[in-house]
Amino acid sequence: MLKTLKIALREYKATVKTKGFIIGLIIAPIFMSGSVIGIALLKDQVDITDKKVIILDNSGIMADYLIQLAEDRNQQEVYEPETDKKIKPAYLLEEITPNLDDPDAQRLELSNQIRAKEIYAFMEIGADVAHPKADRATSRITFHGENTAMDDLRSWLRQPVNDRLRRYRLEEAGIDEAEVQDLFYWISVEGMGLVTMDETGEIKDAERTSELEALLAPLIMMMLMFLMTMMGAMPLLNSVMEEKTQRIAEVILGSVRPFQFMMGKVLGGLGVALTVALVYLTMGIFAVTKYGVEEKIPLDVLPWFLTFLILLITMMGSVMTAIGSACNDAKDAQNLSFPAMLPNMIPMFIMFPILKEPLSTFATWVSLIPPFTPMLMVLRMSTPVAIPAWQPWVGVIGVIIFTIFTVWAGGRIFRVGILLQGTPAKLGNIVRWIARG
Amino acid sequence: MNTVELDNITKTFGNVTAVDQLSLNVPSGSIYGFIGPNGSGKTTTLRMIMNIFYPDQGTIRVFGESVLGASSDRIAYLPEERGLYKTMKVREVLRFYGDLKNGKNVAREVDRWLEKLDLSDWADKKVQTLSKGMSQKVQFIATVVSKPELMILDEPFSGLDPVNMEVLKDAILELQAQGTTVIFSTHDMAVAEKMCDFIFMIYQGRKVLDGTLSSIQKKYGSDTIRIRTEDGKQALSDLPGVEKINDFGRLQELRIAQGTDSQEVLAAIMKRTRIEKFETIQPSLNDIFIRIAGPEAQEVSHA
């Protein structure tokens, strides 16, 4: 055991003393949250080029209204009143007569104008939009442009179009709009938490839950776990491969058993991950205390987080050391590291449906599959929803059993692989080493 | 008493039999030389003694026990390929290796050996800055720093210049004098002849020689004539009773066929040229090695 700790200590020191580790400690969270920060920083960086849109109004009720509304918007929103600086594009809507004889030729002509950047888009309003018919072709509004999927102008059109249709229908029904002003008042459904009782027995109002709050804590927990696996377990693959190819392993094996060697490496990696965890959690707790948002952090999940983290690093560390021992060069490592990373990657791919419905059958079962349990169970537990108490316990038992299996199998691969030079690191070979030892 | 006892051990890798029914006893306090061509099974045998590899058949006893293994702190191993952490400092890596063997006074021993092998100035330098010869000496210190009772050295002298070779040789002899049993493999027959109490040769996984140098030479007898003549090699061709001529330029060694009288060979040469020097000698270890493993022997074995 002492020898295992000596190897672990060397591994730990060799990692944390490097400049790369310290830089990584700072860079990694920035990199991970980079897209969020990027979106926040760049959200005001909009294209202010004016957007000319041609309207083909087959209904005869829409174009004038939209053109007027766009002009109003251009007056009020395009220039910042204080500085007179242009901050948004002007929407220049223009109506032309639809070609009823050959609509396709007209559409092609307008499309070509878009390609030539003469106009931004064209919209076609069906003749029956006020009273939709079975024929969708005449009962819809289409908006054509080079990239309309995430178009601000198209989003802007949504409300004016529906307001206009509503007004038109009221007019037709002979109802005065002033009598039903509330018809145009939209109400949203607000997300609230649960009502609680404090120590004094007083019932506290439910708090408003924003999407950001609901997502942030679980995402941070999961990202931290991913990050720590990347910093604690992943480097073991290259470290072991280096020890193998530089024949250091042979010297070490003159002093320790292969299993002690492997576990020393894994414990070293675990030490690195826990150091990273300590740094980030300390910083996180400091930050939430400073900003007075302690209640937003699910502190009760923290012991589970650490338990699952230890198991995950042990599991992934065993896999990485085993793979490292089977590899002879960087190409081998590259081929095998991708499948080995799947237990870490798959939870990232499926996290959004789980976040949305943490109690769904899918979320429950997938979070009980041992390789995915550490990340997904912590993700589910960090959401505001209370998951059944038995699930983390069943999950942890499953992960312990699976971790014991990976350590055992990893040890068998390691024992054979570490001294075998030149034998390709094929999956078949690795399975054979597990089976035969 | 024997420090190492191998009893009928066999090791196969796939279809290749690396070591085949090998038995060997290494007496305590001796220097035992392992010789053999590349790929003959030397390193596999050493690794089995270290219990890094397990034999498929047979038993291995070290210090009288059958399950000691590589992790025994009484055994030290210097592998053929040097393995040092390149980014660690020399003193650091030596202390790490010494500590792994639970050596006593490791820090003091490291400094003593660094001084002894003239590496003190490099103690705080990173391993990657060392020359090949220096690395080899550092690796040697890593092996001896825990004061092992059995040292297994795989090619300890390869790549060393004569000065460093001498330093290492003296260190090994000093350790032997203190009671350490030393097993080392080498391709340098002259070193094996001079240093080893016993020599063991393995060829194609099988033991072909085992004993003291004199007992091995005795087995081959005085079947070699070393001769210098006025006309050199050309005067010696097609001599009856001569199996092989080994030409060294200014002198030649002739291997006499079994049952041939060396005086008859001498008489035949005298008819052809003037003899300047003539002596009957025992074959060298190098010669014996080539007889067993050289192309000539391979032709016979493939015939």
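In what follows, chains are A, B, ... by sequence order, proteins preceding strands, each numbered from 1. Remember, it's a predicted structure, so these values are computed and weren't measured experimentally.
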Applying salt bridge (charged side-chain N to carboxylate O under 4.0 Å, His left out) as the test, list every pair that has at least one member in residues 137-158 of chain B; sequence neighbours left out. B:R74-B:E149, B:E109-B:K147
Sort A:E243 into side chain, backbone, both or neither according to what part of it lies under 4.5 angstrom from a heavy atom of chain B. side chain
Looking only at heavy atoms, what is the nearest atom pair of B:K101 and A:S255, with distance? CE-OG, 3.3 Å
Is A:L9 close to B:F96 at the side-chain level, that is, under 4.5 Å between some pair of heavy atoms? no
Residue pairs fulfilling salt bridge (charged side-chain N to carboxylate O under 4.0 Å, His left out) with at least one residue in residues 307-325 of chain A, sequence neighbours excluded: none
Where A:E250 and B:Y77 come nearest, the two heavy atoms and their spacing: OE2-OH, 3.1 Å
Over 12 foreign heavy atoms within 6.0 Å of CG, B:D118: no
Are A:V251 and B:Q139 close enough that some pair of their side-chain heavy atoms sits under 4.5 Å apart? yes
Tell me, yes or no, whether the heavy-atom count around A:Q334 atom CD, taken from other residues, nucleotides or ligands under 6.0 Å, exceeds 12. no
Just checking B:E115: does its CD atom have more than 12 heavy atoms from other residues, nucleotides or ligands closer to it than 6.0 angstrom? no
Side chains of A:Q260 and B:L100, heavy atoms from C-beta outward: is any pair under 4.5 Å? no
Select all residues of residues 83-94 of chain B having any heavy atom within less than 4.5 Å of some heavy atom of chain A, and report them by number, or 'none'. B:G83, B:L84, B:Y85, B:K86, B:M88, B:E92
Contact list for residues 10-21 of chain B, test salt bridge (charged side-chain N to carboxylate O under 4.0 Å, His left out), sequence neighbours left out: B:K11-B:D56, B:D20-B:R206
Measure A:K17 against the heavy atoms of chain B and call it side chain, backbone, both or neither at under 4.5 Å. side chain
